[in-house]
Amino acid sequence: MSAQRIAEVSRNTKETRISVAVNLDGTGQSDLVTGVPFLDHMLDQIARHGMVDLTVNASGDLHIDGHHTVEDIGIALGQAIARAVGDKSGIRRYGHAYIPLDEALSRVVIDFSGRPYLEFKVNFSRPTTGSFDLELVQEFFQGLVNHAQISLHIDNLRGTNAHHQCETVFKAFGRALRMAAEPDLRAQGTIPSTKGML
């Protein structure tokens with residue numbers, strides 16, 4: 001496993017211009033300018049609770065809505081995670097977290113399987129929080145999963161405050177990512193799969 005697991009990704013389309021930098025062995029620092037303040041707040045949860053250094057700069061067609069910007073940030077972040085984790089030798093591979101926030105509780109489970117799969121079971125108590133369309137949360141994670149090549153199960157187990165529900169999901173993702181990507185000292189240099197590759 002390399003000493004520094006760092007990656008940078010740029011994604012430029014007719015709808016968005018995005019740059020993402022990630023350090024999987026960081027200290028939880030973030031520099032986030034997406035044009036979507038609530039998403040900045042959620043990405044900060046990933047960085048802080050995942051102990052990942054994360055920089056995201058994005059400009060998109062927000063005059064239409066936030067869909068393209070949020071989805072493309074998920075895609076670029078997924079690509080950056082995949083590049084940073086490399087061939088996955090010596091990592092734990094699996095990670096999970098339960099995170100509460102007052103009445104809300106979410107569970108996230110990650111497998112660096114090499115196969116994209118998202119199970120998203122979140123019934124938000126309302127469709128928006130502030131001006132943020134909460135259906136974009138699933139779009140963000142779908143884009144991330146497709147390009148990080150991970151299996152991801154997200155379950156909000158309870159909650160009545162939509163902001164709390166969403167925040168527990170992002171915090172739990174950060175913690176689960178941290179666990180799955182961290183070095184397994186008993187498995188240094190080996191791929192955590194009977195196939196010999198992921």
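Remember, predicted model here, so these are calculated numbers, not experimental data.
- Take T168 and apply the side-chain hydrogen bond (donor to acceptor under 3.5 Å, both in side chains) test, not counting sequence neighbours, and it matches S106.
- In this structure R92 satisfies the salt bridge (charged side-chain N to carboxylate O under 4.0 Å, His left out) test together with E182, sequence neighbours excluded.
- Between H41 and F170, the gap from one ring centroid to the other reaches at least 6.0 Å.
- Minimum interatomic distance between P192 and R93 (heavy atoms only, all atoms of both residues): O-NH1, 2.9 Å.
- Shortest non-hydrogen contact noted between R5 and P183 is NH2-CD, 4.1 Å.
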Can you give me every donor-acceptor pair (side chain of residues 55-62, partner residue at least two apart or in another chain, under 3.5 Å) with its distance?
residue, atom, partner, partner atom, Å
D61, OD1, H68, ND1, 3.3
D61, OD2, H68, ND1, 2.7

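- Distance alone, capped at 3.5 Å, is enough to place a donor-acceptor pair between the D53 side chain and the G28 backbone.
- Using a 4.0 Å cut-off between charged side-chain N and carboxylate O, R107 and D155 make a salt bridge.
- Residue R126 places its CZ atom among more than 12 non-hydrogen atoms of other residues, nucleotides or ligands, all under 6.0 Å distant.
- Without hydrogens or angle criteria, T13 side chain to T16 main chain gives a donor-acceptor distance under 3.5 Å.
- Checked against the 6.0 Å centroid criterion, the rings of F141 and F173 qualify as a close aromatic pair.
- The backbone N or O of T160 sits less than 3.5 Å from a side-chain atom of S125, completing a donor-acceptor pair.
- A donor-acceptor pair under 3.5 Å links the side-chain atoms of N156 to the main chain of L105, judged by distance alone.
- Shown here for N161 and E103, the closest heavy-atom pair between the two residues is N-OE2, 2.8 Å.
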